[in-house]
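A short worksheet on the structure shown next.
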Amino acid sequence: MSERTSVGLDVHARSVVAAAIDERTGELVQRRMGSSTEEIVAWVTGLPGPVAATYEAGPTGFGLARALTAAGVRCVVAAPSKLQRPVGDRVKTDARDAVHLARLLRLGEIVEVVVPSVESEAARDLVRAREDARGDLMSARHRVSKLLLRQGIQYTGGKAWTVAHDGWLRSQWFELVGLQAAFDAAYEAMIQAVDRRDRLDAAITRMAADSEFTDVVNRLCCLRGVSTLTGFGLAVEIGDWTRLDGHRIGAYVGLTPSESSSGASRALGGITKTGNGHARRLLIEAAWHHRPAYRPTSPIMRARWDRASAAARARGHAGNQRLHDRWVGFQVRKKRSVVANAAIARELAGWCWSLAVMT
């Protein structure tokens, strides 16, 4: 820490409690303010400089961090799950939280969250809006199918949620007015969810073809299971790939085994499921695609390779071979498929990193 004053900010939607510690005098200054960014920046910049500030990442976003940085204040956004708190501290208030943040900042014990650019954050919001639409569509489909199931009606014409299945749904009719109205409402909600998902898919496809993420997406798509939507989602969620490496990226997305060891005992558990859950889900789903036999002559794979460089194609081909061989090894050992897939996803994260950092 080279700054004279360390500021901890406990940020809420309508109020901010601040605590500033002067390194030279040891004085502690506290203040409660509104949520106005201008008021907060004016108070922080009025403290004896140079000044460093921190606050926890949360629903208020990164606007305050960008404003403080623009004003010449070093701002660190803290990862809430990594903050060290005394076990015996049973009193929690906004003022105490602000002082605690200021002290951790002075000691250099803040685990920092990377502040994305405005463009990157907008792209991430688009990806997460698509994730929400996907969840809404799944819920809407469940409501339609379970309403019919309660009436003893089941579809036997093949795979569900196809054009043929949609035609079958449209043909359903009930004599009871209330039941018909309920079915119409559920079906309408499902159609609206499909339309919203398709619009977001089109927006993501356009942005993936012409944005700062285009090169990374094209390289990631050299791997099986990584389509344009998946590649763009990983590129946006990870952001700056260079801050990680092939060993740490598995832990970043929560795909490493948990452990509880003490003394002579050592116990390993399931994956930690910490870090970026959106990226973890994409990797888990993509890992299943490496289970079938690998055929590099696939027209879909060839079309993706045409958008990438020769080095990326070679790297992707090697990764596809390696991950399929790993699947075969797990099957020979009769490993549970879900456990094996988590291991494949962890290694897939490393292959994605190696492709993303290529120049």
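Taking 4.5 Å as the limit, every side-chain heavy atom of His100 sits out of range of all side-chain heavy atoms of Asp10.
For Asn218, the side chain to side chain contact (heavy atoms under 4.5 Å, CB included) test picks out Thr214, Arg307, with sequence neighbours left out. Residues that satisfy the salt bridge (Lys or Arg N to Asp or Glu O under 4.0 Å) test with Arg326, not counting sequence neighbours, are Glu347. Checked against salt bridge (Lys or Arg N to Asp or Glu O under 4.0 Å), Asp325 has no partners two or more places apart in sequence or in another chain. With sequence neighbours excluded, no residue forms a salt bridge (Lys or Arg N to Asp or Glu O under 4.0 Å) with Lys159.
Residue pairs satisfying the salt bridge (Lys or Arg N to Asp or Glu O under 4.0 Å) criterion with at least one member in residues 235-253, sequence neighbours excluded, are listed as follows: Arg128-Glu237, Asp245-Arg248. Sorted by first then second residue, the salt bridge (Lys or Arg N to Asp or Glu O under 4.0 Å) pairs that include residues 29-58, not counting sequence neighbours, are Arg31-Glu39, Glu56-Arg85.
Cation-pi check for Arg291 over Trp327 is met; the charged atom lies under 6.0 angstrom from the ring centroid and within 45 degrees of its normal.
Interatomic distance, Cys352 SG to Ile238 CD1, rounded to the nearest 0.5 Å: 8.5 Å. In this structure, the separation between CD1 on Ile344 and CG on Leu255 is 11.5 Å, given to the nearest 0.5 Å.
A perpendicular orientation is assigned to the rings of His165 and Trp161, their planes being inclined by more than 60° (bins at 30° and 60°).
Test Gln321, His289, His317, Arg322 against Tyr294 for side-chain hydrogen bond (donor to acceptor under 3.5 Å, both in side chains) and you get one pass: His317.
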